[in-house]
Amino acid sequence: MTHQTTIIVYRLTDKHIEVFSWKPQIDSVKPVMKWTAIISGVGVLCLMFINPDFIIAAIGPIGIGVMAALMGNSKDYQSMVRNEEYHEIDWPNTENIAVWRKRRLIGLRFTWYNEDGSHYSVYSKVYCHKKDFEKCLDTFKQRLPNTPYREGKLVVHSHFATLPE
């Protein structure tokens with residue numbers, strides 16, 4: 001696949017932002033597998049009426065049906081293939097707010113400390129709908145009144161954003 005949709009849900013509390021994201025494309029695979037098993041099962045049943053030796057062909061629809069059932073009932077498998085991610089951002093610790101109005105993106109910069117003592121600073125991304133952008137930005141400005149604010153382009157990566165060099 002060249003383009004994949006990711007659904008991102010944010011929940012702001014007084015202490016952190018909860019971010020939950022997933023890719024819904026896999027949700028369309030289960031019904032396709034189920035209906036493939038049903039339709040091919042009916043086809044094999046019709047062939048068995050013509051010649052009972054075609055019973056061996058039932059392995060295909062049964063296998064597809066079993067896989068569809070296993071996919072539909074395994075929460076761990078669904079979580080893995082949907083690429084579900086959950087993390088929390090302690091947003092009162094924001095060091096800087098960067099806004100890219102063209103993409104309706106708000107970046108909150110944090111410094112992350114590793115176990116070996118090293119650290120790095122990146123922007124956590126908050127995407128907004130066009131109609132909610134100003135409201136979200138006002139919320140961050142109100143909750144973080146002493147935090148430096150800048151507008152401009154951000155370089156967007158899969159899990160974070162950075163300033164252009």
Side-chain angles (χ1 to χ4, degrees), residues 1-37 63-165:
M1 279 188 225
T2 59
H3 294 81
Q4 291 190 5
T5 300
T6 299
I7 298 173
I8 305 171
V9 179
Y10 300 99
R11 187 170 90 181
L12 277 68
T13 66
D14 290 338
K15 298 188 189 242
H16 55 261
I17 301 172
E18 295 178 29
V19 183
F20 182 67
S21 64
W22 71 94
K23 295 181 179 175
Q25 290 81 4
I26 194 64
D27 295 338
S28 63
V29 172
K30 292 182 289 183
V32 168
M33 287 182 68
K34 179 179 86 171
W35 284 106
T36 301
I64 293 172
V66 168
M67 288 306 297
L70 290 174
M71 285 175 60
N73 294 327
S74 173
K75 291 289 183 195
D76 291 335
Y77 177 78
Q78 289 179 21
S79 177
M80 177 192 67
V81 296
R82 292 174 87 204
N83 199 18
E84 291 180 356
E85 294 183 16
Y86 173 84
H87 62 277
E88 295 177 356
I89 303 167
D90 293 330
W91 67 289
N93 298 331
T94 303
E95 300 166 355
N96 189 354
I97 301 171
V99 175
W100 189 8
R101 289 186 182 276
K102 181 179 178 184
R103 298 262 318 255
R104 296 180 306 278
L105 176 66
I106 301 172
L108 304 174
R109 191 181 82 200
F110 298 95
T111 299
W112 306 96
Y113 295 94
N114 296 324
E115 292 176 1
D116 63 0
S118 63
H119 66 280
Y120 61 96
S121 292
V122 294
Y123 286 88
S124 292
K125 304 172 297 191
V126 178
Y127 291 99
C128 302
H129 288 288
K130 187 180 251 184
K131 62 182 171 85
D132 298 329
F133 180 76
E134 290 300 327
K135 182 179 174 185
C136 289
L137 184 56
D138 290 342
T139 299
F140 285 117
K141 285 181 175 179
Q142 179 185 359
R143 295 285 181 120
L144 303 166
N146 299 324
T147 304
Y149 168 86
R150 66 172 283 284
E151 290 199 19
K153 183 177 180 178
L154 289 167
V155 178
V156 178
H157 303 281
S158 61
H159 289 33
F160 59 89
T162 58
L163 292 175
E165 295 182 19

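Here the structure is a predicted model, which is why all the values come from computation and not from measurement.
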Which pair of heavy atoms, one from [X] and one from [Y], lies closest together, and at what distance?
{"X": "R104", "Y": "K130", "value": "CD-CA, 3.2 Å"}
{"X": "N96", "Y": "P148", "value": "OD1-O, 2.9 Å"}
{"X": "E95", "Y": "S121", "value": "OE1-OG, 4.1 Å"}
{"X": "M33", "Y": "I64", "value": "O-CG2, 3.3 Å"}
{"X": "Y123", "Y": "A98", "value": "CE2-CB, 3.5 Å"}

N114 and Y120: side-chain donor and acceptor closer than 3.5 Å?
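No, because no side-chain N or O of N114 sits under 3.5 Å from a partner of the opposite role on Y120.
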Between T13 and E18, a side-chain donor and acceptor under 3.5 Å
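Distance-only check fails for T13 and E18.
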Please check if the side chain of K153 supplies one atom and the backbone of K102 the other of a donor-acceptor pair under 3.5 Å.
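Checking the backbone N and O of K102 against the side chain of K153, no donor-acceptor pair under 3.5 Å is found.
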[X] side, atom [atom1]; [Y] side, atom [atom2] - distance, nearest 0.5 Å:
{"X": "I97", "Y": "R150", "atom1": "CD1", "atom2": "CZ", "answer": "12.0 Å"}
{"X": "R109", "Y": "T147", "atom1": "CZ", "atom2": "OG1", "answer": "10.5 Å"}
{"X": "F140", "Y": "I106", "atom1": "CZ", "atom2": "CD1", "answer": "5.5 Å"}
{"X": "Y10", "Y": "D132", "atom1": "OH", "atom2": "CG", "answer": "12.5 Å"}
{"X": "W22", "Y": "Y86", "atom1": "CH2", "atom2": "OH", "answer": "13.5 Å"}

Test side chain to side chain contact (heavy atoms under 4.5 Å, CB included) on T94 and F110; report intermediate values, then the result.
CA-CA 6 Å; T94 303; F110 298 95; 3.5 Å; yes
If you define the side chain from C-beta out and look only at heavy atoms, does anything of R11 sit under 4.5 Å from F20?
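SC-SC contact between R11 and F20 ruled out.
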Counting C-beta onward and ignoring hydrogens, is there a side-chain heavy-atom pair between L105 and V99 closer than 4.5 Å?
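No, side chains not in contact.
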Could you walk me through whether K141 and E134 satisfy the salt bridge (Lys or Arg N to Asp or Glu O under 4.0 Å) test, starting with their C-alpha distance in whole Å, then the side-chain angles of each, then the deciding distance to 0.1 Å, before giving a yes or no?
CA-CA 10 Å; K141 285 181 175 179; E134 290 300 327; over 6 Å; no
Using the rule side chain to side chain contact (heavy atoms under 4.5 Å, CB included), only one of V156, L154, V19, I8 pairs with K125; which is it?
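With K125 as partner, side chain to side chain contact (heavy atoms under 4.5 Å, CB included) holds for just one option, V156.
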